[in-house]
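Reviewing the structure listed below.
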Amino acid sequence: MKPLALFGGTFDPVHIGHLSVAWEASELLDAEVRLMPANVPPHRSPPTATAAQRVDMLRAALRGQPRLTLDTRELERSGPSYTVDTLEEVRREIGARPLVLLLGADAFAGLRSWHRWRELFNVSHIGVINRPGIDACIPVELERAVAARRTDDAGVIHAQPAGRLIELAVTPLEVSATRIRELLAAGRDPRYLLPAGLFDDPALLAPYRVTPAT
Ligand code: ATP
């Protein structure tokens, strides 16, 4: 059975960096990839758009292709959504099917601050996606903790349910939601940094636009 890969994030808003790396990760791992927006990110300031607005943007962005889907389970849960709790829940649903948590290199570098981070490997593999323009030095202690788990063979990920770490070399795209929010707030129109579907309805990007003073 194809691995299931979960790509979590704030998606405030979803941008072409997210979609392109998720798509390529799905090709490299031959996996089903689900984008999974977070409700109350435990280690981040609150998103600009509401959960419902971020889901509307994701739905618009994912329209018209079969490979990437949406998983809103963390938004349906109250309280902080710790990744390890989510992965344990997914593991109970999927039996022995391989599960992969996809993380950008910046997110992976901060893994040791995550709730019960070592236990992630009991239920999931981790796929680390390279990300340009961001200082994502892996701390020595993190590297020491994960070194024995490393593989560069997607076949190993298919062959066991959890426990390994794989680096996924995707096309580098230096795009961030922070930059896109700045551009929109400045009255700019970052048309080609965002999926085309986000321009179908002006209400989708309204949370980021400054309303003129009255
Ligand atoms: P922000 O700028 O608001 O921090 P972001 O662009 O980093 O947002 P998130 O929703 O926080 O987007 O990211 C979700 C996941 O996607 C994280 O694991 C992050 O590392 C990864 N990611 C986001 N943009 C890229 C990119 N351009 N290339 C590779 N990975 C990315």
Side-chain angles (χ1 to χ4, degrees), residues 1-11 18-44 58 62 66-77 79-131 136-170:
M1 205 187 299
K2 280 190 182 206
L4 172 62
L6 296 176
F7 188 36
T10 338
F11 304 111
H18 297 127
L19 296 180
S20 178
V21 300
W23 185 274
E24 288 197 29
S26 128
E27 290 183 326
L28 292 171
L29 291 171
D30 189 21
E32 174 194 349
V33 173
R34 295 187 195 159
L35 276 63
M36 192 174 61
N39 196 4
V40 186
H43 26 244
R44 310 234 353 206
L58 279 160
L62 296 175
R67 199 189 286 261
L68 307 177
T69 56
L70 181 61
D71 189 324
T72 57
R73 71 179 64 229
E74 291 195 339
L75 301 179
E76 283 141 27
R77 191 193 297 158
S81 39
Y82 290 116
T83 302
V84 66
D85 295 335
T86 304
L87 294 177
E88 286 173 351
E89 181 183 299
V90 174
R91 168 56 65 206
R92 287 192 290 274
E93 290 169 14
I94 66 172
R97 182 178 180 188
L99 179 63
V100 185
L101 173 67
L102 296 175
L103 292 176
D106 54 319
F108 177 67
L111 193 72
R112 284 186 317 142
S113 67
W114 291 27
H115 185 56
R116 298 199 282 130
W117 71 272
R118 288 174 191 276
E119 293 169 49
L120 292 171
F121 286 105
N122 296 340
V123 283
S124 178
H125 303 290
I126 291 183
V128 180
I129 295 164
N130 59 293
R131 184 169 185 182
C137 237
I138 300 178
V140 179
E141 283 161 45
L142 176 59
E143 182 51 41
R144 209 174 286 142
V146 301
R149 300 186 179 279
R150 285 188 178 275
T151 179
D152 53 14
D153 179 358
V156 172
I157 301 293
H158 278 245
Q160 63 189 76
R164 305 302 294 259
L165 178 78
I166 187 164
E167 303 250 0
L168 301 168
V170 300

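- Partners of E143 under the side-chain hydrogen bond (donor to acceptor under 3.5 Å, both in side chains) rule, at least two apart in sequence or in another chain, are R150.
- With rounding to the nearest 0.5 angstrom, the CD atom of E88 is 10.5 Å from the CZ atom of R91.
- One finds the CD1 atom of I166 at 9.0 Å from the NE2 atom of H125 (value rounded to the nearest 0.5 Å).
- In this structure, the side chains of P37 and L70 come closer than 4.5 Å at one or more pairs of heavy atoms.
- Contact check for V100 versus V33: no side-chain heavy atoms found under the 4.5 Å cut-off.
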*Determine, step by step, whether R34 and L4 satisfy the side chain to side chain contact (heavy atoms under 4.5 Å, CB included) criterion, reporting the C-alpha distance in whole Å, the side-chain angles of both residues, the deciding distance to 0.1 Å, and the verdict.*
CA-CA 8 Å; R34 295 187 195 159; L4 172 62; 3.5 Å; yes

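- When every heavy atom of A96 is checked against every heavy atom of P161, the shortest pair comes out as O-CB, 3.5 Å.
- Surrounding CD of E141 are at most 12 heavy atoms belonging to other residues, nucleotides or ligands under 6.0 Å away.
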*Step by step, would you call L87 with N122 a side chain to side chain contact (heavy atoms under 4.5 Å, CB included)?*
CA-CA 10 Å; L87 294 177; N122 296 340; over 6 Å; no

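- By the 30° and 60° cut-offs, the orientation of the rings of H18 relative to F11 is perpendicular.
- Residues satisfying the side-chain contact (heavy atoms from CB on, under 4.5 Å) test with V21, not counting sequence neighbours, are F7, I129, V170.
- No donor-acceptor pair closer than 3.5 Å links the side chain of H158 to the backbone N or O of A31.
- Residue H115 holds its NE2 atom at 10.0 Å from OG1 of T83, rounded to the nearest 0.5 Å.
- The CG atom of L103 sits 4.5 Å away from atom CH2 of W114, with the distance rounded to the nearest 0.5 Å.
- Here the CG atom belonging to L102 is positioned 10.0 Å from the CE atom belonging to M36, to the nearest 0.5 angstrom.
- Between E32 and T69, the closest side-chain pair of non-hydrogen atoms falls below 4.5 Å.
- Looking at residues two or more places apart in sequence or on another chain, you find a side-chain contact (heavy atoms from CB on, under 4.5 Å) between R149 and F121, L165.
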*Does the pair M1 and I94 meet the rule for a side chain to side chain contact (heavy atoms under 4.5 Å, CB included), with working shown?*
CA-CA 11 Å; M1 205 187 299; I94 66 172; over 6 Å; no

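- Remark: the backbone N or O of G104 is not paired with any side-chain donor or acceptor of R131 at under 3.5 angstrom.
- Pairing each heavy atom of A109 with each of C137, the nearest pair is CB-O, 3.6 Å.
- Using a 4.5 Å cut-off on side-chain heavy atoms (C-beta onward), I126 and L111 make contact.
- Looking at every heavy atom in both residues, A145 comes nearest to R118 through CB-NH1, 3.9 Å.
- In this structure, A169 and E24 approach most closely via the heavy-atom pair O-OE1, 4.5 Å.
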*For the pair L6 and L99, evaluate side chain to side chain contact (heavy atoms under 4.5 Å, CB included) and give the outcome as yes or no after the intermediate values.*
CA-CA 8 Å; L6 296 176; L99 179 63; 4.2 Å; yes

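- Residue-environment remark: CG (D152) stays at or below the threshold of 12 foreign heavy atoms within 6.0 Å.
- To the nearest 0.5 Å, atoms CD (E119) and CG (D85) are separated by 9.5 Å.
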